[in-house]
Amino acid sequence: MKAIELEKTYNPKDFEDRIYAQWVEDGNFKPVDGNEKSFTIVMPPPNVTGILHMGHALNNSLQDILARYYRMTGRPTLWLPGCDHAGIATQNVVERQLAKEGLRRQDLGREKFVERTWQVKEKHHDIIVSQLKKIGSSCDWSRERFTMDEGLSRAVRETFVTLYERGLIYKGLYLVNYCPHCGTALADDEVEHQEDLGHLFDINYPLADGSGHITVATTRPETMFGDVAVAVNPDDERYKDLVGKMLKLPLTDREIPIIADSFVGIEFGTGMVKITPAHDPNDWECGKRHNLEPINILNPDGTLNDICPEQFRGMPAEVARMKVAEVLKEQGYLVKCEDYKHEVGHCYRCNTTVEPYMSEQWFVKMRPLADKALKAWRDGEINFYPKRWENTYSSWLENIRDWCISRQLWWGHRIPVWYCEDCGEMMVEREDPCCCKKCGSKKIRQDNDVLDTWFSSWLWPFSTLGWPEVTVDFKKFFPTSTLVTAYDIIFFWVSRMIMASLEFTGKAPFHDIYITGLVRDKKGRKMSKSLGNGIDPLDVVSIYGADAMKFTICFLATQGQDVLVDMDSFKLGSKFANKIWNATRYLLMNLEGRNLVAIDPAKFTAVDKWIYHSLNENVLKVRNAIEGYKFNEAAQAVYDFFWNDFCDWYVEASKLSMYSGSEEEKDRLVSVLMDILAESMKMMHPMLSFITEEIYAKLPNTEGKVITASFPEYSEARKFPEEAKMMACMQDVVRGVRNMRAELGIGAEKKVRAVVRMDEAGDLSAFMKEHVDLLKIFVNSDNLTIDDSASVDVTGAFPIAGAGFETYVFVRDAIDVEKEIAKIEEDIKKTQALLDGVEKKLSNEKFINNAKQEAIDKERSKKAEFVEKIEKSNKHIAVLRSF
RNA sequence: GGCGAUAUAGCUCAGCGGGAGAGCCCCUGCCUUACACGCAGGUUGUCGUAGGUUCAAAUCCUACUGUCGUCACCA
């Protein structure tokens, strides 16, 4: 046959896009039919707020590796892609756009605003999809979903109504977290606590009977207009007599009582707390206990409302705070103001300070759902990798609170509840009603609020497969196999999916949860826009190629560790891909004039057996690593095999026969090389998808595509442990001589004479003899003898110790005898130390009695080895002295 | 404050009961007709500190110290 030419340099741009398009065209990402157990991943849907960052690249690279691997094992494999509408986040993006045009969403009106948001969604969606394609994601685009598409919207409505029917959704007036900037309520976990520098004010409240005053401490004096009481601890001796008395609330004409409640800390501040149920969670609870009517002092935009004295109305709370303090001071009520550090809630989307705000909202009763989710975990239905995240999961579920699901936004699933304006009837409906069910009036209006984004996301693993319909896909691919996600959304998403899935399908939505680390820069900082330390995945692909990116990520993705990268990090993958390319180019060149023959194990040389053995062992490593989510180990295994074993030793060894072997031997060897190469492509494909596909197509011994090929099996027939050991000995000889040459400065131009003296004539000796010509090349010798009868005179030769043999190199002239002796003596010292350790163990009765037999045997063989080495070294010193 | 993670070569990290490993860096030779994104050779570590368990500990346990992450916060 003719040589097959490969471009001189590895240039992924030449083929990545072409190959991706071909995969899509051939439907390679669609699950195959079959009775094998299916493997399913649903992609964590990226938000349509922007474009993908390195975190997405990490996440999707790992999912891609899993999908490609399981696809190659023959299981019907589905990786389902999609995007999330990301309510608040996307709405914010659009509102920021509008702000640049000097507009607010109210200026457009709900309908126009939502329309515009859809446009933004489309734009970002298209970018996200093109990015996922660029990085090589093998997801099934024909099944792509969006959280607001028709099917998913139906699932959302079904869920809402069903939960309502089951008594798990309720509406009520509660104190919720409210973001004045986003203008909506938030769930508890959407609030991030950050340390803020504020002030602690001590304010005097006069007793109504004029008998003096008490002092309360607060960080928020402006909320005093909502005060309904002052509380003290019932056990606080100082204030016992005051309980029940009335206070005059400064700046108002109201009077409030002093009450006793055990939540008040005696030690803290003055031991007296003003109670503002409408603006503080603790006060809210306290207020409920004492039947105190909350007084709301804020407008929805966070400014003070008409309940407050006129001079403060319309002021944002933070402005009012200092103003109120000022007035209090003027009037002599403020007695102290000191700087104070405390944790304050912020909106996780816009970072605005969150206000506890009393309003009517919809909630999901979580306790019953959480209990099911805890049970499923305890029953072993879900496994976290790494395991420690299970604590995070369980402790959150154990302390769960009801979930506020209504949002005062326009972008999202509108709450499927209608109110009759005539009779006040409330209807919770699967289908839009046309009129009031009770009075028949057509004057009905739908609830203005939309649902929390996560209310659609938590259905993702089954809504995307057609639920609530029991579709073919749902039956085949649910429950899914693995979820790959980052740890920052275990609460938001992972645990809620488990709850929803158990509630509605009766099954956990996935078996395994692989929690990735976060992508950080080289200094360990989170990648962020404000720091400007982010890396664009597309830049990485553009510079190094998609394979280089995925392989590097895989190599660095150790379970539970964050991944630290900069642009240069991806050289690792790039270099490896380049190596694969060049090795292939060389091997394909050598096809010139050759004929491929069937691989015949009976004709394997010992070195052939070794490389198959190594391939086999690494196949096992890769399989175990991927199945156990140890991505770095899988990458390490293919790297070691292909580079260190195949290229550095096997291909180098093959050159001998390639240049001087018989025609028949050359055909046989080339065939073996092609076989190993093809097997390597299959083994590496999940991690290096494009280059392996490109090469696989060029190999003369392959048919079809590597993406649809079978992943190599671990095979008993490829186990050759004896040959592997002998090869290791040969490598020892080679390394020994090369080392000596380098140390003595014997250049490549100078050939040496060498004798490998075997301790005995056995298999190892036969192996060395079989490969004597190879040894000559490896050590650059023109005269090398394998001597198993000690018949060759080695007087004056430089000795190198080995296990089962000694190597003598005739380089008398180059040697600095004293230096070499010193080196060997140093070596003996080290070995002696090891030997001492071993002997100590072996003479220890307890060790002999307690250790496993194999451990004892190992120590014994180590002892023998050390003794042999020291003996040989001593002999070699004598040899050197005789020079 | 609770919980959790982590501390191994100059850097980033594997290893997690029986002779210290990888990648990058560094040093020395080499453009050996696949690859200088390369080849060959080499250097580098009280495996955080102190105890404990064990015949044996980088590996298990405890405490401490540093770093990081989370949850919860008392006005």
**A:Met549 vs A:Met54 side-chain heavy atoms within contact, under 4.5 Å** = yes
**Asked** Which part of the nucleic acid does A:Lys655 contact within heavy-atom distance under 4.0 Å: base, sugar-phosphate only, or nothing?
**Response** base
**Message:** Please classify the nucleic acid contact of A:Phe778 as base, sugar-phosphate, or nothing, using heavy-atom distances under 4.0 Å.
**Reply:** nothing
**Request:** Pick base, sugar-phosphate or nothing for A:Leu564, based on heavy-atom distances below 4.0 Å to the nucleic acid.
**Result:** sugar-phosphate
**Request:** For B:rC26 versus B:rC60, give the span between their C1' atoms, rounded off to a whole number of Å.
**Result:** 37 Å
**Request:** For B:rC27 and B:rA9, measure between their C1' atoms and round to the nearest Å.
**Result:** 15 Å
**Message:** Students often get this wrong, so: under 4.0 angstrom with heavy atoms, is A:Glu398 touching a base, only sugar-phosphate, or nothing?
**Reply:** nothing
**Asked** So which nucleotide does B:rA34 pair with, by the Watson-Crick or G-U wobble rule with both distances under 3.5 Å?
**Response** none
**Side chain of A:Gln561 - closest among B:rA34, B:rG18, B:rU6** = B:rU6
**Prompt:** Want to settle it: does A:Lys522 or A:Gln636 sit nearer the 5' end of RNA chain B, counting the closest nucleotide to each?
**Reply:** A:Lys522
**Prompt:** If pairing requires Watson-Crick or G-U wobble contacts with both distances under 3.5 Å, which nucleotide is the partner of B:rG1?
**Reply:** B:rC71
**Item:** Options B:rG4, B:rA34, B:rC35, nucleotide nearest the side-chain atoms of A:Arg388
**Value:** B:rG4
**Asked** Which part of the nucleic acid, if any, lies within contact of A:Arg735, taking any heavy atom under 4.0 Å across all strands shown: a base, the sugar-phosphate backbone alone, or nothing?
**Response** sugar-phosphate
**Fill in**
Scanning all shown strands, the Watson-Crick or wobble mate of B:rA7 with both distances under 3.5 Å is B:rU65
**Prompt:** What nucleic acid atoms does A:Ser574 come within less than 4.0 Å of, heavy atoms only: base, sugar-phosphate, or nothing?
**Reply:** base
**Message:** What I want to find out is whether A:Asp488 reaches A:Lys526 closely enough, with some N-O distance under 4.0 Å, to be called a salt bridge.
**Reply:** no
**Item:** Atom pair distance, as rounded to whole Å: CG in A:Asp488 and C1' in B:rA5
**Value:** 16 Å
**Asked** Across the strands shown, which category fits A:Arg525 at heavy-atom distances under 4.0 angstrom: base, sugar-phosphate, nothing?
**Response** nothing
**Prompt:** For A:Asp648, which residues count as a side-chain hydrogen bond (donor to acceptor under 3.5 Å, both in side chains) partner, sequence neighbours excluded?
**Reply:** none
**Message:** Can you tell me the base-pairing partner of B:rC39? Count Watson-Crick or G-U wobble geometry only, both distances below 3.5 Å, and say none if there is no partner.
**Reply:** B:rG29
**Asked** In whole Å, what separates the P atom of B:rA58 from that of B:rG52?
**Response** 15 Å
**Asked** Does atom CD of A:Glu854 have more than 12 heavy-atom neighbours from other groups under 6.0 Å away?
**Response** no
**Request:** Please measure how far the P atom in B:rU43 lies from the corresponding atom in B:rG48, and state the result in whole Å.
**Result:** 24 Å
**Asked** Which nucleotide sits closest to the side chain of A:Val264: B:rG4, B:rA14, B:rA75?
**Response** B:rA75
**Asked** Is any side-chain N or O of A:Lys579 under 3.5 Å from a base N or O of B:rC37, one able to act as donor and the other as acceptor?
**Response** no
**Asked** Under 6.0 Å from the six-membered ring centre of A:Tyr586 and within 45° of its axis: does the NZ or CZ of A:Lys655 meet both?
**Response** yes
**Request:** Carefully, step by step, assess A:Arg238 and A:Asp236 under the rule salt bridge (charged side-chain N to carboxylate O under 4.0 Å, His left out).
**Result:** CA-CA 5 Å; A:Arg238 295 174 293 177; A:Asp236 195 332; 2.8 Å; yes
**Message:** Looking at A:Glu859 and A:Lys862, is there a salt bridge between them, counting it only when a charged N and a carboxylate O are closer than 4.0 Å?
**Reply:** yes
**Asked** When you compare B:rA56 with B:rC3, how far apart are their C1' atoms, in angstrom units rounded to a whole number?
**Response** 34 Å
**Message:** side chain to side chain contact (heavy atoms under 4.5 Å, CB included), that's the test. Do A:Phe225 and A:Val324 meet it? Break it down for me.
**Reply:** CA-CA 10 Å; A:Phe225 306 120; A:Val324 170; 3.9 Å; yes
**Prompt:** Base, sugar-phosphate, or nothing: which does A:Glu343 touch, judged by heavy atoms less than 4.0 Å apart?
**Reply:** base
**Prompt:** NA contact type, A:Asp648, heavy-atom cut-off 4.0 Å: base, sugar-phosphate, or nothing?
**Reply:** sugar-phosphate
**Request:** Would you mind telling me which of B:rG23, B:rC55, B:rG18 lies closest to the side-chain atoms of A:Ala855?
**Result:** B:rG18
**Prompt:** Taking the side chain of A:Asn739 as heavy atoms from C-beta outward, which of B:rA22, B:rG41, B:rA34 is closest to it?
**Reply:** B:rG41
**Request:** For B:rA22 versus B:rU6, give the span between their P atoms, rounded off to a whole number of Å.
**Result:** 23 Å
**Among B:rA34, B:rC55, B:rG69, the one nearest A:Tyr487 by side-chain distance** = B:rG69
**Message:** Using OP1 and OP2 only, check whether a side-chain N or O of A:Asn850 sits under 4.0 Å from B:rC55.
**Reply:** yes
**Touch class at under 4.0 angstrom, heavy-atom based, for A:Ala748 against every strand present** = nothing
**Request:** Give the nucleotide from the list B:rA14, B:rC39, B:rG18 with an atom nearest to the side chain of A:Trp643.
**Result:** B:rC39
**Request:** Answer with base, sugar-phosphate or nothing: what part of the nucleic acid does A:Glu845 contact at a heavy-atom distance below 4.0 Å?
**Result:** nothing
**Asked** For atom C1', what is the distance between B:rC68 and B:rU12, given to the nearest Å?
**Response** 16 Å
**Message:** Under 4.0 Å, heavy atoms only, any strand: does A:Lys852 hit a base, just the sugar-phosphate, or nothing?
**Reply:** base
**Asked** Closest to the A:Leu572 side chain: B:rG23, B:rC55, B:rA34?
**Response** B:rG23
**Options B:rU6, B:rA34, B:rG15, nucleotide nearest the side-chain atoms of A:Glu633** = B:rG15
**Request:** Can you check whether any acceptor in the base of B:rA34 is under 3.5 Å from a donor in the side chain of A:Glu652, or vice versa?
**Result:** yes
**Request:** Have a look at A:Tyr340 and say if it touches a base, only the backbone sugar-phosphate, or nothing, with a 4.0 Å heavy-atom cut-off.
**Result:** sugar-phosphate
**Request:** Looking at every strand, decide which applies to A:Val838 at a 4.0 Å heavy-atom threshold: base, sugar-phosphate, or nothing.
**Result:** nothing
**Asked** What orientation do A:Phe555 and A:Phe551 show, parallel under 30°, tilted 30 to 60°, or perpendicular over 60°?
**Response** tilted
**Asked** Given the C1' atoms of B:rC73 and B:rC64, what is the spacing between them in whole Å?
**Response** 27 Å
**Request:** Compare the minimum distances between each of B:rA75, B:rA22, B:rA14 and the side chain of A:Thr558, then state the nucleotide with the smallest one.
**Result:** B:rA14
